[in-house]
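Below is one structure, written out as structure tokens, with a few remarks after it.
Lettering follows sequence order; numbering is per chain, from 1. Note that these values count all heavy atoms, side chains included, but never hydrogens, waters or copies made by symmetry. None of the values given here were measured: they were computed from a predicted structure.
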Protein chains: 2
Amino acid sequence: MFSIGELSKRTKVKVPTIRYYEEMGLLAEAERTSGNQRRYDKAGLERLSFIRHARDLGFSIEAISSLIELQDHPDRSCEAATNIATSQLEEVRAKIKRLKTLEKELSRISKGCDGEGVSEDCYVLASLADHNLCDREH
Amino acid sequence: MFSIGELSKRTKVKVPTIRYYEEMGLLAEAERTSGNQRRYDKAGLERLSFIRHARDLGFSIEAISSLIELQDHPDRSCEAATNIATSQLEEVRAKIKRLKTLEKELSRISKGCDGEGVSEDCYVLASLADHNLCDREH
DNA sequence: CTTGAACCTCTAGTCACTAGAGACATTACA
DNA sequence: TGTAATGTCTCTAGTGACTAGAGGTTCAAG
């Protein structure tokens, strides 16, 4: 059994965040010492590692809640879990696509002022003011 | 002179968002009718278009504030504006990089349950529980 | 037994909005 | 000119996923 600070160190999740996860129902309410401090065991550590890993992968608290529920009901959980992971993957791919479009425009904009040619007005500001200067939709 | 609803339609920025931008100081306080309703002109429209475009590109409200300040002080604004755009570009590139790593892992995870081989336990849940199953750091 | 670090709860703040309540203004049409 | 519908006003509170701080209590080391 170890304290919340120890759990924090081992999982690299900050102490207030652990308490927040408990409040949100992601972590079961921890056992307490006679002085009301939380104590955790290996199971708590593993669950928090799971949560942290999923958060790192961009899963929402809500999605993680669903995954945790699936863990507790293993029948058909595999398909449902795969669905959640797949939709997360689709979201990530959509974000990448959008960011790549932005990257193109930003790199065009931020190159504008370096060379010669544009000196009268600021090309960055003009680009932002006038969407028509964009190469494509975004 | 047109109303906030008209401005909203033309810029595709929602009415409460326009009021929010005014409150945040991105938009100058609008003129008012005798009945206290906001009225805008071409200048207001252009500034809001500028803001919207910059938000679409992921600039924070704070960064946009800086850009607007630069617009009002054109001396040396070009270099400063380019710096802001360039740092925005770097952030976007960093995000893309990170998301690509996530994409790899998620696609590995969500493919796990489809084929044969893994049937005992759910591969999605196992992958999330155990970071060691990851190919690389993330 | 004392000291200092760690812990507790609670409230409020972050960012960029979004939603809703309840009241007032404007506009279109009869 | 009257009225009804739509638009607008301010204000407060909610979103997600935390983070920060106040003020008080408990634990572990020496």
Side-chain angles (χ1 to χ4, degrees), chain A residues 1-27 29-41 44 47-48 50-68 84 87-88 91-92 95 98 102, chain B residues 1-27 29-41 44 47-48 50-68 84 87-88 91-92 95 98 102:
Chain A
M1 302 293 277
F2 40 86
S3 69
I4 196 169
E6 183 62 28
L7 182 65
S8 169
K9 244 179 245 162
R10 294 203 203 178
T11 56
K12 272 147 206 154
V13 176
K14 286 179 191 160
V15 168
T17 305
I18 296 173
R19 290 196 276 248
Y20 170 76
Y21 287 160
E22 182 183 309
E23 205 189 347
M24 293 298 101
L26 290 189
L27 285 172
E29 290 193 16
E31 285 179 53
R32 302 287 184 126
T33 62
S34 58
N36 199 34
Q37 298 196 355
R38 291 170 180 83
R39 283 300 113 96
Y40 298 89
D41 57 7
R47 170 152 287 191
L48 184 53
F50 175 94
I51 294 168
R52 177 171 151 79
H53 193 185
R55 285 292 303 133
D56 278 351
L57 290 170
F59 288 85
S60 68
I61 297 279
E62 210 193 328
I64 296 172
S65 274
S66 310
L67 290 170
I68 283 175
I84 294 175
S87 94
Q88 181 64 24
E91 266 176 51
V92 167
K95 265 187 210 160
R98 179 167 164 74
L102 298 191
Chain B
M1 300 294 275
F2 40 87
S3 70
I4 196 170
E6 182 62 27
L7 182 64
S8 169
K9 244 181 247 163
R10 295 202 201 179
T11 56
K12 273 149 205 153
V13 175
K14 286 179 190 157
V15 169
T17 306
I18 296 173
R19 290 197 276 249
Y20 170 75
Y21 287 160
E22 181 182 310
E23 206 189 345
M24 293 298 102
L26 289 190
L27 285 171
E29 290 194 15
E31 284 178 54
R32 302 287 183 126
T33 64
S34 57
N36 199 35
Q37 298 195 354
R38 291 169 179 82
R39 285 294 116 82
Y40 297 89
D41 57 7
R47 171 152 286 191
L48 184 54
F50 175 93
I51 294 168
R52 177 171 151 76
H53 193 184
R55 285 293 301 133
D56 277 351
L57 290 170
F59 288 84
S60 68
I61 296 279
E62 209 192 328
I64 297 172
S65 274
S66 309
L67 289 170
I68 285 174
I84 292 174
S87 94
Q88 182 63 25
E91 266 175 52
V92 166
K95 266 188 210 161
R98 178 167 165 73
L102 298 191

Note, A:V92 side chain near A:L57 side chain (heavy atom, < 4.5 Å): no
At a heavy-atom distance below 4.0 Å, which nucleotide of DNA chain D is the first touched by chain A, and which is the last? D:dA17 to D:dC27
How close or far is atom P of C:dC10 from atom CG of A:N36, stated in whole angstroms? 10 Å
Just verifying a value: how many Å separate A:L48 CG and A:Y40 OH, rounded to the nearest 0.5 Å? 8.0 Å
Given atom CD of B:E6 and atom P of C:dT26, what is their separation to the nearest angstrom? 16 Å
Does B:T33 place a side-chain N or O at less than 4.0 Å from the phosphate oxygens OP1/OP2 of C:dA25? no
Taking the nucleotide of DNA chain C with the closest heavy atom to each, which residue, B:R55 or B:S34, is nearer the 5' end? B:R55
I need the residues from residues 11-22 of chain B with at least one non-hydrogen atom less than 4.0 Å from DNA chain D; give them sorted by number, or say none. B:R19
Euclidean distance, atom CZ of residue B:R39 to atom C1' of C:dT27 [Å, nearest integer]: 11 Å
Side chains of residues 14-27 of chain A: which donor-acceptor partners sit under 3.5 Å, not counting sequence neighbours?
{"unit_1": "A:E22", "atom_1": "OE1", "unit_2": "A:R38", "atom_2": "NE", "d": "3.0"}

Nearest whole Å is fine: how far is C:dT14 C1' from B:M24 CE? 12 Å
Separation of A:R39 CZ from A:M1 CE (nearest 0.5 Å): 8.0 Å
Quick one: does A:Q37's side chain have a donor or acceptor within less than 3.5 Å of a partner on A:S3's backbone? no
If you compare all heavy atoms of A:F50 against all heavy atoms of A:I64, which two are closest, and at what distance to 0.1 Å? CE2-CG2, 4.3 Å
So which nucleotide from C:dC17, C:dC8, C:dT26 ends up closest to the side chain of B:I61? C:dC17
Exercise: identify the closest heavy-atom pair between A:R52 and A:T11: CD-O, 2.8 Å
Interatomic distance where CZ belongs to B:R32 and P belongs to C:dT26 [whole Å]: 12 Å
Under a 4.0 Å N-O cut-off, is there an ion pair linking A:R10 with A:E6? yes
Hey, could you give me the OG/CZ distance between A:S87 and A:F59, rounded to the nearest 0.5 Å? 8.0 Å
